[in-house]
Colleague: 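What follows is a structure written as structure tokens; I'll ask about it next.
Just so it is clear: chains get the letters A, B, ... in the order the sequence lines come, proteins before strands, and each one is counted from 1.
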Amino acid sequence: SQQGEEDPQALSIQEGENATMNCSYKTSINNLQWYRQNSGRGLVHLILIRSNEREKHSGRLRVTLDTSKKSSSLLITASRAADTASYFCATDGSSYGNKLVFGAGTILRVKS
Amino acid sequence: DAGVIQSPRHEVTEMGQEVTLRCKPISGHDYLFWYRQTMMRGLELLIYFNNNVPIDDSGMPEDRFSAKMPNASFSTLKIQPSEPRDSAVYFCASSRTGYRLLAFFGQGTRLTVV
């Protein structure tokens, strides 16, 4: 089952531009995470935001969480070709047995 | 630390054969997860262990799938008999108490059943 749904499914931008990806989920959560997956590789944890937090930063990453809308966004500023990857949101909450449930992902392509 | 290590990286097998996937979690991590990734269904949690004990196997699709964790540094996921619809990338991930849901993933095993 997929709790989170990312939007857009695919995004293509020029190097230096900002990339924004959105995630919507269905039930209440404890935490929301964003992961990156490079082609043919495993997932790498990027950032975790708790349900009582609204915004979090890590380097060029900015994550926001709106629990009233059940949505989150991941902003990558000043994108680089190396940011080309799939990005997944993952949520955990009691509705899913406190297990980590992943969305379908957004494919980001950064053109140099 | 070398991270989560999975083997093999690629596996091609014929339908009906037994397949065994292997995983070595990060040392000191006491949670281990097996995920399956397909285009159609995305990332699905199959089973997870805590301190070598299976906690939730509700994601295991059928009795053909089984997983074991004989010790803290090794786990296997076995499919017997394999079917073409089992073709997917299988990931192992580990985490530690207090950060259970902050998972570190292996590189995955790409399984193709022909």
Side-chain angles (χ1 to χ4, degrees), chain A residues 1-10 21 23-51 53 56 58 61 63 65 72 85-107, chain B residues 1-11 21 23-26 29 31-50 54-61 88-112:
Chain A
S1 60
Q2 291 179 3
Q3 154 84 309
E5 293 187 4
E6 283 88 340
D7 165 51
Q9 290 186 338
M21 289 160 272
C23 168
S24 59
Y25 55 91
K26 299 172 186 172
T27 62
S28 62
I29 61 170
N30 297 326
N31 307 283
L32 186 144
Q33 302 182 56
W34 285 90
Y35 283 79
R36 183 187 73 226
Q37 183 180 31
N38 290 88
S39 180
R41 309 294 290 271
L43 281 77
V44 175
H45 171 82
L46 295 176
I47 196 165
L48 179 150
I49 186 166
R50 302 188 190 283
S51 60
E53 297 177 310
K56 208 159 184 182
S58 177
L61 306 181
V63 170
L65 179 64
S72 172
S86 294
Y87 291 82
F88 296 87
C89 68
T91 57
D92 67 272
S94 58
S95 298
Y96 286 83
N98 292 309
K99 294 179 285 191
L100 201 55
V101 180
F102 286 83
T106 291
I107 300 171
Chain B
D1 197 316
V4 176
I5 299 172
Q6 291 186 246
S7 64
R9 289 294 311 277
H10 303 274
E11 176 81 41
L21 312 181
C23 175
K24 176 179 167 56
I26 292 173
H29 282 193
Y31 284 88
L32 185 139
F33 308 85
W34 281 101
Y35 284 88
R36 178 172 67 177
Q37 185 178 38
T38 61
M39 288 294 293
M40 290 297 295
R41 300 175 67 87
L43 263 164
E44 303 172 279
L45 177 64
L46 300 178
I47 185 171
Y48 79 93
F49 295 82
N50 179 220
I55 302 300
D56 188 332
D57 65 355
S58 59
M60 295 285 262
V89 181
Y90 291 81
F91 288 101
C92 175
S94 70
S95 64
R96 58 187 178 96
T97 297
Y99 300 89
R100 178 173 66 90
L101 295 167
L102 207 164
F104 291 78
F105 281 75
Q107 302 279 40
T109 294
R110 181 173 295 277
L111 173 66
T112 303

Colleague: Does atom CD1 (A/Ile107) have a neighbourhood of more than 12 heavy atoms from anything else shown, all under 6.0 Å?
Modeller: no
Colleague: Just wondering, are more than 12 heavy atoms of other shown residues or ligands nearer than 6.0 Å to CZ in A/Arg41?
Modeller: no
Colleague: Specify the closest pair of heavy atoms between A/Gln37 and B/Phe91, including all atoms of both residues, with the distance to one decimal.
Modeller: NE2-CZ, 3.3 Å
Colleague: I need the minimum non-hydrogen distance between A/Phe88 and B/Gln37, along with the two atoms involved.
Modeller: CZ-NE2, 3.6 Å
Colleague: How far does NZ of A/Lys99 sit from CG of B/Asp56, to the nearest 0.5 angstrom?
Modeller: 3.5 Å
Colleague: So if I apply the side chain to side chain contact (heavy atoms under 4.5 Å, CB included) rule between B/Leu101 and each of A/Leu48, A/Thr91, A/Asp92, A/Asn30, which one comes out positive?
Modeller: A/Asp92
Colleague: With side chains defined as the heavy atoms from C-beta onward, is the minimum distance between A/His45 and B/Tyr99 less than 4.5 Å?
Modeller: no
Colleague: Rounded to the nearest 0.5 Å, what separates atom CZ in A/Phe102 from atom OH in B/Tyr35?
Modeller: 4.5 Å
Colleague: As an exercise, state the distance from CG of B/Leu102 to CG of A/Leu100, rounded to the nearest 0.5 Å.
Modeller: 9.0 Å
Colleague: Crowded around B/Arg110 CZ? As in, over 12 foreign heavy atoms under 6.0 Å?
Modeller: no
Colleague: Go through B/Ala103, B/Gly106, B/Gly108 and name the one with the most non-hydrogen pairs under 4.5 angstrom from chain A.
Modeller: B/Ala103
Colleague: Heavy-atom distances under 4.5 Å only: say whether B/Tyr48 touches chain A with side chain, backbone, both or neither.
Modeller: side chain
Colleague: Checking B/Gln6 against chain A: side chain, backbone, both or neither under 4.5 Å from a heavy atom?
Modeller: neither
Colleague: Is B/Leu43 close to A/Leu43 at the side-chain level, that is, under 4.5 Å between some pair of heavy atoms?
Modeller: yes
